[in-house]
K.L.:
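The following block contains the structure, expressed as structure tokens.
Read the numbers this way: they start at 1 and go in the same order the structure lists the ligands and their atoms. No hydrogens, no waters, no symmetry mates; every other heavy atom, side chains included, goes into these values.
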Amino acid sequence: MDIWHIRGGRRLEGSCRIQGSKNAALPILAAAVLCPGRCELLHVPKLSDVDAALRILCHLGCRVQREEDRVLIDSSTLSNCAVPHSLMAEMRSSILFLGALLARSREARLSAPGGCRLGKRPIDLHLMALRRLGAEIREEDGELLCRTPRLQGSEILLPFPSVGATENALLAACGAKGETVIRGAAREPEIAALAGFLEAAGAQIHGAGSDTIRICGFTPRKCVQYRIPGDRIAAATMACAVVACGGDVTLSGAEPGQISAVLHFLNAAGCDIIPDNHALRLCAAGRPTAVGPVVTAPYPGFPTDAQPLLMAALLRGRGRTLMRETIFEDRFRHVPELNRLGARIRVQGQTAEILGVEKLHGDTLHATDLRGGAAMLLAALSAEGESVVLDEGHIRRGYEDLDLCLEDLGASITLEH
Ligand code: UD1
């Protein structure tokens, strides 16, 4: 159990470097299976989800070495195409090994993935996309048994731009003969990052980052080097922390363009935002102003991952903010915990109404999921008095040294393992 101790009410000041992106690193680690040689990844964040992906690679027979933020993977020794349930259950992204293994070995055996409980989170679109490429998939005793004599390029139409399904289709398409076109693809920056890695590894891909992606071929290279881009949700987290607590903070390694939907609302809440070539300065003072309405949507819309974070920033806002969650059915589980601090949030169906209060007070909270847990930390930092956030490891799945980053900015926060 992680125990976060927070004494709230301090302004944040200084600068902070944004970690490598979790949601870019995880699909790229799965993609390493496709490169039967040496793969060097830089700026890999130190996260328990990344550790889980590295454990899967080891289990598959790959050689893995990690030194600080540099990871070396040699997949030439890959000897296994089954991932046991215990490893699959650690995170959602384990499902991406399905597309990668099919492309490399034409066979994969794994079970349903784990990850944050945000709603139903089916994998039907992943399986549909892989079947379109010729994969035969049977579900037996909770296991997915997948094989194919040969993957064949095809046209895949996604009825919803699922990030994971787009990534699985992209990975599998690299092992297919002929051209694949993914229509209705997700446009998140992490898709472009995965495509960037695959191109460095020898794939010909056009249109990643748009809703139509073409994969024309893949001639694996012996050596690949790739730097993981900055984490836009970690950047959004720090930006929301500044608005929650007040302060003057510069984030380096952040791409403001990737979080413009979040910055738009932070600016409307009264925060000055000064972008500066891969860095971002945020200045906020006093109580924020209510904004809205905020509606989550696929990229480039307002990210569902930032919904709990912006909510935490607006708990002391002057006025009323409405937030509608359209991506996941059950993504307000942090709300009752935030209300324990004196916040006034009412949820009706998929909409939350935040009635700003003048002051929050400390209490003991239970982290419900990764971003919900981070939102609780931000709310506790902006509350008067002491709070404790009890967490079964959700927050460390996605944030590297979050306690140290916030402490460097002047927050009073300690993490007890
Ligand atoms: C990824 C991100 C997660 C983010 C989410 C939406 C990673 C590791 N995780 O998750 O942080 O919150 O994108 O931006 O990158 N769906 C289906 N069938 C499917 C797949 C998805 O119905 O086969 C639904 C989901 O239940 C959900 C919606 O589509 O309601 C979005 O899911 P998706 O875009 O796939 O999210 P993830 O890839 O799981």
K.L.:
Could you tell me whether the side chains of Gln65 and Arg63 share a donor-acceptor contact shorter than 3.5 Å?
P.N.:
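Note: Gln65 and Arg63 side chains miss the donor-acceptor criterion.
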K.L.:
Distance to 0.1 Å, residue and atom name: give those for the protein heavy atom nearest to atom 25 (C) of ligand 1.
P.N.:
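In this structure, atom 25 (C) of ligand 1 has Phe328 CE2, 4.2 Å as its nearest protein heavy atom.
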K.L.:
Working to the nearest 0.5 angstrom, can you tell me the gap between Cys240 SG and Leu282 CG?
P.N.:
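Separation between the atoms: 9.5 Å.
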K.L.:
If we count only N and O atoms by modelled type, under 3.5 Å, do the side chains of Thr304 and Glu325 hold a donor and an acceptor together?
P.N.:
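Indeed, the side chains of Thr304 and Glu325 share at least one donor-acceptor pair under 3.5 Å.
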K.L.:
Is it true that Glu255 and Arg232 have a side-chain N and a carboxylate O under 4.0 angstrom from each other?
P.N.:
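No, Glu255 and Arg232 are not salt-bridged.
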K.L.:
Would you call Asp403 and Arg396 a salt bridge, taking side-chain N to carboxylate O under 4.0 Å as the test?
P.N.:
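Arg396 and Asp403: not salt-bridged.
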K.L.:
Looking only at protein heavy atoms, which one is nearest to atom 2 (C) of ligand 1, and what is the separation?
P.N.:
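Its nearest protein heavy-atom neighbour is Asn23 ND2, 3.5 Å.
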K.L.:
Check whether any side-chain N or O of Asp231 sits under 3.5 Å from a backbone N or O of Lys22 as a donor-acceptor pair, and report yes or no.
P.N.:
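Yes; at least one donor-acceptor contact below 3.5 Å.
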K.L.:
To which protein heavy atom is atom 23 (O) of ligand 1 closest, and what is the distance rounded to 0.1 Å?
P.N.:
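Looking only at protein heavy atoms, the one closest to atom 23 (O) of ligand 1 is Leu125 N, 2.7 Å.
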K.L.:
Minimum distance, heavy atoms only, to atom 10 (O) of ligand 1: which one of Lys22, Met91, Gln307, Arg121 is it?
P.N.:
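That would be Arg121.
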K.L.:
Hey, is Glu190 touching ligand 1 through its side chain, its backbone, both or neither, going by heavy atoms under 4.0 Å?
P.N.:
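Contact part for Glu190 vs ligand 1: neither.
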K.L.:
Between the candidates Pro122, Ala165, Gly164, which shows the shortest non-hydrogen contact distance to atom 20 (C) of ligand 1?
P.N.:
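The nearest heavy atom belongs to Pro122.
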K.L.:
Starting from atom 18 (N) of ligand 1, what is the nearest protein heavy atom, named by residue and atom, and what distance separates them?
P.N.:
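Scanning the protein heavy atoms, the shortest distance from atom 18 (N) of ligand 1 goes to Asp124 OD1, 2.7 Å.
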K.L.:
Look at the side chain of Asn80 and the backbone N and O of Gly61, then say whether any donor-acceptor pair between them is shorter than 3.5 Å.
P.N.:
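No.
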K.L.:
What is the closest protein heavy atom to atom 11 (O) of ligand 1, and at what distance does it sit?
P.N.:
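Here the closest protein heavy atom is Asp305 OD2, 2.6 Å.
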K.L.:
Could you grab the distance from atom SG of Cys146 to atom CG of Leu98, nearest 0.5 Å is fine?
P.N.:
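So the gap between those two atoms works out to 4.5 Å.
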K.L.:
Classify the contact between Ser93 and ligand 1 as side chain, backbone, both or neither, using a heavy-atom distance cut-off of under 4.0 Å.
P.N.:
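It is the side chain that gets close, since no backbone atom is under 4.0 Å.
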K.L.:
Is there a heavy atom in Arg331 that sits closer than 4.0 Å to ligand 1?
P.N.:
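Under 4.0 Å: yes for Arg331.
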K.L.:
Do NZ/NE/NH1/NH2 and the carboxylate oxygens of Glu136 and Arg147 come within less than 4.0 Å?
P.N.:
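A salt bridge is absent here (no side-chain N lies under 4.0 Å from a carboxylate O).
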K.L.:
Atom 1 (C) of ligand 1: which protein heavy atom is closest, and how many Å away?
P.N.:
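Closest protein heavy atom to atom 1 (C) of ligand 1: Val163 CB, 4.0 Å.
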K.L.:
Check whether any N or O atom of Ser162, backbone or side chain, sits under 3.5 Å from an N or O atom of ligand 1, and answer yes or no.
P.N.:
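Yes, at least one N or O pair falls under 3.5 Å.
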K.L.:
Atoms of ligand 1 less than 4.0 Å from Arg92 heavy atoms?
P.N.:
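Those of ligand 1 that fall under 4.0 Å from Arg92 are 39 (O).
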K.L.:
Please state which protein non-hydrogen atom is closest to atom 28 (C) of ligand 1 and give its distance, to 0.1 Å?
P.N.:
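The answer is Phe160 CE2, 3.6 Å.
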K.L.:
Under 4.0 Å from ligand 1, counting heavy atoms only, is it the side chain of Tyr299, its backbone, both or neither?
P.N.:
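Near ligand 1, Tyr299 shows nothing, with every heavy atom at 4.0 Å or more.
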K.L.:
Counting non-hydrogen protein atoms only, what is the nearest one to atom 30 (O) of ligand 1? Give residue, atom name and distance.
P.N.:
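Ranked first by proximity to atom 30 (O) of ligand 1 is Ile327 O, 2.5 Å.
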K.L.:
Using 4.0 Å as the upper bound for N to carboxylate O, is an ion pair formed by Asp49 and Arg397?
P.N.:
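A salt bridge links Arg397 with Asp49.
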K.L.:
Indicate, as side chain, backbone, both or neither, the part of Thr304 found under 4.0 angstrom from ligand 1 when only non-hydrogen atoms are considered.
P.N.:
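Side chain only; the backbone of Thr304 stays clear of ligand 1.
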K.L.:
When rounded to the nearest 0.5 angstrom, what distance separates CG in Leu377 from OG in Ser382?
P.N.:
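Spacing of CG (Leu377) from OG (Ser382) equals 11.0 Å.
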